Amino acid sequence: MVFYRGVSLLSKLRSRAVQQTNLSNSVRWLQVQTSSGLDLRSELQELIPEQQDRLKKLKSEHGKVQLGNITVDMVLGGMRGMTGLLWETSLLDPDEGIRFRGLSIPECQKVLPAAKPGGEPLPEGLLWLLLTGKVPSKEQVDSLSQELRSRATVPDHVYKTIDALPVTAHPMTQFTTGVMALQVQSEFQKAYEKGIHKSKLWEPTYEDSMSLIAQVPLVAAYVYRRMYKNGNTIPKDDSLDYGANFAHMLGFSSSDMHELMKLYVTIHSDHEGGNVSAHTGHLVASALSDPYLSFAAALNGLAGPLHGLANQEVLLWIKSVVEECGENISKEQLNDYVWKTLKSGKVVPGFGHGVLRKTDPRYTCQREFALKHLPEDPLFQLVAKLYEVVPPILTELGKVKNPWPNVDAHSGVLLNYYGLTEARYYTVLFGVSRALGICSQLIWDRALGLPLERPKSVTMEWLENHCKKA
């Protein structure tokens, strides 16, 4: 279990974490960097054989162990609550929220390298963590940043393909089209056509995944500049890290906006495997579709109003509140507006979650960012009031299991403050972020030889007959 080794260094790392973060009571355990190599691919080359053996042992020794009972409610309710996927990179706890390789968001903010002291974690550091289960050093993150920069070149045909679409097409349509156009360069497809042993499938998958992660900010920025800035694109800046460079190509030079983009990409990168985009990417990849095809499919799921498009809907709803009631709306007025929304048959966007039963930690860290950088912003203050007003109302309704805000309740307000006001584009930012998690797991799907996903389906008649017999 390489992911959880390094006992000899654990005390040193914990001591350092306590000094830097005062997290001595909240850090349950930390993965420890046990090698000094700067090459991520070499790290995986060492880790994969041990993880393959680990999976074989699980199958041989515990393959028949039951994980729970499936109910008719689960079958009819979108498989909600079923344990049926292996997803190594993150785990979502209903009460604690997401943990990336065992680390909570506050822990990641403290132990992952940042571009500057006290800054937000670099997304490259999270990518290293997701892939290896180890907290990287700053030198390793810098090396990974350089590798991504070397891969960040997009062929002209990709831009021409996007240009074939109407400029009014939804940003996610244009973004997904660009990802599909990148697919012609797939190393996985070439290797599979030539013939490659299944034990080596992870290697071209790694190449595609790293190139895809490097390229999607350029494609996304092109879509933004095409739609909202008259097609005046901004070239990448190789002196900047992943998050800052993405913000730069969008057209934002503020150092605070660069920090926000690092935080945004990091916290949106992964959310275990059951959400629509992650599950879709995993499902399509299980047919040995290459990373480009798999990620494009994931993006189409992310574009749904009940998934990634929700961050767009939140800001639009908040602006509708301001338009009707003004920025200085009282809690009493806000209470009335929320009830008005609910009684019209609509939902209050940004509240509730399919798994979480408490406030989303991704919401909390964005709130802390706002308190630090934009405490007087009227829209932020409105979001803060919503945090006090909405949960009691949803609790009173008694129809929701989680009345608390999720990640989408806050992100749009932060982006809007720094000038990224085009809400229709927000899901593209989500898509760029999600590439880190989906591609990381896809590499491990190939390394572990996970099979074609093929759950059993039944008809209503089958369920009725089964229930009669039961």
Side-chain angles (χ1 to χ4, degrees), residues 3 13 17 20-21 23 27 29-33 38 40-41 43-44 47 87-92 97-116 118-149 151-152 206 209-210 212-214 216-217 240-247 258-273 275 277-278 281 295 360-362 364-366 369 407 411 429-444:
F3 289 171
L13 183 58
Q20 295 178 347
T21 72
L23 284 175
V27 178
W29 57 271
L30 291 176
Q31 294 87 345
V32 185
Q33 187 65 53
L38 300 182
L40 180 57
R41 195 176 189 278
E43 287 287 320
L44 287 173
L47 290 170
W87 195 266
E88 286 290 277
T89 49
S90 65
L91 184 66
L92 181 58
I98 192 65
R99 283 185 175 268
F100 303 116
R101 292 291 192 178
L103 297 182
S104 68
I105 287 176
E107 290 165 359
C108 286
Q109 287 179 293
K110 299 303 181 180
V111 301
L112 290 178
K116 62 180 182 180
E120 300 298 337
L122 291 162
E124 299 94 314
L126 183 74
L127 176 58
W128 189 290
L129 175 67
L130 292 177
L131 275 170
T132 69
K134 302 175 182 179
V135 176
S137 66
K138 182 62 165 61
E139 292 73 22
Q140 288 168 324
V141 171
D142 289 343
S143 175
L144 180 53
S145 295
Q146 179 57 42
E147 179 181 354
L148 293 175
R149 281 193 290 269
R151 294 172 180 266
Y206 175 89
S209 295
M210 296 301 288
L212 177 59
I213 290 169
V216 289
L240 298 175
D241 57 77
Y242 189 87
N245 201 25
F246 183 28
H258 289 190
E259 285 296 299
L260 173 61
M261 194 59 68
K262 293 167 194 171
L263 176 65
Y264 186 100
V265 172
T266 297
I267 66 175
H268 286 80
S269 63
D270 206 28
H271 215 232
E272 77 168 26
N275 65 78
S277 56
F295 184 63
D360 192 335
R362 298 173 299 174
T364 303
C365 71
Q366 290 182 99
F369 186 96
V407 64
S411 57
L429 303 177
F430 201 156
V432 171
S433 308
R434 193 48 59 94
L436 274 67
I438 290 176
C439 289
S440 294
Q441 180 59 41
L442 177 50
I443 293 169
W444 278 105

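Owing to the predicted nature of the structure, the values given are computational and were not obtained by experimental measurement. FYI, the numbering just counts along the sequence from 1.
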Please lay out, stage by stage, how Ile267 and Cys365 fare under the test side chain to side chain contact (heavy atoms under 4.5 Å, CB included). CA-CA 9 Å; Ile267 66 175; Cys365 71; 3.8 Å; yes

I'd like to know if the side chain of Glu272 reaches the main chain of Leu92, judged simply by a donor and an acceptor atom lying under 3.5 Å from each other, with no hydrogens or angles considered.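 Yes.
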
Contacts of Tyr206 meeting ring pair (Phe, Tyr, Trp, His ring centres under 6.0 Å) (sequence neighbours excluded), chain-then-number -> none

Partners passing ring pair (Phe, Tyr, Trp, His ring centres under 6.0 Å) against His268 (at least two apart in sequence or in another chain): Tyr264, Phe430

Spacing of NE2 belonging to His258 relative to CG belonging to Asp241, to within rounding of 0.5 Å: 8.5 Å

CG/Leu436 to OH/Tyr242 distance, rounded to the nearest 0.5 angstrom? 5.5 Å

Contact check, side chains of [X] and [Y], non-hydrogen atoms, under 4.5 Å:
{"X": "Pro136", "Y": "Leu112", "result": "yes"}
{"X": "Leu122", "Y": "Leu144", "result": "no"}
{"X": "Trp444", "Y": "Leu131", "result": "yes"}
{"X": "Phe295", "Y": "Leu442", "result": "no"}

Between Gln441 and Glu88, do the side chains contain an N or O donor and an N or O acceptor separated by less than 3.5 Å? no

Test salt bridge (charged side-chain N to carboxylate O under 4.0 Å, His left out) applied to Glu147 and Arg41, step by step: CA-CA 11 Å; Glu147 179 181 354; Arg41 195 176 189 278; over 6 Å; no

Using side-chain contact (heavy atoms from CB on, under 4.5 Å) as the criterion, list what pairs up with Asn275, not counting sequence neighbours.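 With sequence neighbours excluded, Asn275 shows a side-chain contact (heavy atoms from CB on, under 4.5 Å) to His271, Ser277, Ala278, His307, Arg434, given in chain and number order.
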
